[in-house]
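These notes are about the structure you will find just below.
In each ligand, atom 1 is the first atom listed, and ligand 1 is the first ligand listed. In this text, all values refer to a predicted model and were calculated from it rather than measured experimentally.
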Amino acid sequence: MRRDTIPYPTITWPEGKTFAFSAFDDTDLETMENAPPVYAFMRDLGFRTTKSVWPVRGSQTPKLGGTTCADPEYAEWALQLQDEGFEIGLHNVTYHTSSRSEILDGLEQFKELFGHYPRTHANHYGCEDAIYWGPDRTSGLQRAIYRTLTAVRRNGMPGGHVEGSPLFWGDHCRERIDYVRNFVYGDINTLKACPFMPYHDPLRPFVNEWFASSEGAHVDSFVKTISEARQDRLETEGGACIMYTHFGFSFFKDGRLDSRFKALMERLSNKNGWFVPVSTLLDYLKQQRGPHHITGRERRRLERKWILQKLRTRGTT
Ligand SMILES: [Zn+2]
């Protein structure tokens with residue numbers, strides 16, 4: 001066995017399905033112009049994935065912003081997505097750094113609008129209240145390598161997970177949110193890259209469980225990851241894919257969907273896949289295999305694999 005080979009679990013998928021496919025959509029740059037056409041397309045093909053939102057409109061100029069749930073038309077549309085079976089997740093409470101009290105208010109606003117707290121979360125670029133982000137995504141030697149690669153000299157960001165920081169909200173993250181995203185890999189079969197997911201990391205106690213994703217940040221990387229050959233392999237391997245994407249990044253442009261994205265998703269929809277939101281998929285994996293506390297060895301493997309792939313692909317996630 002090669003040193004980096006991780007045993008790959010065999011999953012019996014529900015409803016006689018042969019594999020699973022989901023997506024976590026990072027809400028950056030989404031508007032009422034570019035997002036609803038993508039979701040109407042996904043819905044009509046039978047996909048029910050996870051869309052993140054910002055519950056609160058920011059008060060500062062964002063590095064990377066988009067529409068928030070403070071916009072009534074957008075909030076109504078997000079609620080409609082939830083009614084149709086899509087999951088609504090969190091992407092920090094807004095598009096810039098928020099204080100603890102702003103974060104707690106934002107979580108309440110999320111609950112007020114959607115009727116529950118978010119079950120899934122992914123950190124937003126540039127938010128210093130992010131949970132275990134920047135160099136804190138990694139440990140030990142991998143952290144030193146990450147800092148060198150990204151030219152981040154600090155030991156970490158102030159961080160939503162740092163007790164005593166004015167940005168601390170780790171206690172509420174643990175109390176409210178089930179799953180948080182960390183590593184993103186190039187292969188379509190996320191479960192093969194991270195067979196332990198969802199997993200708890202004892203070094204990062206404010207996150208209940210972590211999940212990994214597959215690279216699809218832009219429409220170009222998305223269609224590369226879900227190419228015909230890769231779709232077929234995901235099916236043969238009986239695997240699970242969670243795409244990490246930004247549907248606001250040119251999936252719908254100049255009044256139409258990207259033609260390659262359209263063709264590949266139509267092809268995928270004709271396969272015998274289980275097309276469910278991220279938390280539904282992770283709940284099922286956990287139910288099948290029981291909770292998993294990651295070991296030091298497993299963590300090192302995940303971190304090294306992620307760093308190597310970042311070097312190879314210059315991945316941004
Ligand atoms: Zn973002």
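- Screening residues 32-52 for salt bridge (Lys or Arg N to Asp or Glu O under 4.0 Å), with sequence neighbours left out, gives Glu30-Lys51, Arg43-Glu84.
- Here the side chain of Asn208 pairs a donor or acceptor atom with the backbone of Arg174 at under 3.5 angstrom.
- Aromatic ring centres of Phe249 and His218 lie closer together than 6.0 Å.
- Looking only at its N/O/S atoms, Asp28 has OD1 as the one nearest to the Zn ion (ligand 1).
- Residues passing the salt bridge (Lys or Arg N to Asp or Glu O under 4.0 Å) test with Asp187, sequence neighbours excluded: Arg233.
- With respect to the Zn ion (ligand 1), His124 has ND1 as its nearest N, O or S atom.
- Residue His246 does not count as close to the Zn ion (ligand 1), with no N, O or S atom under 2.8 Å.
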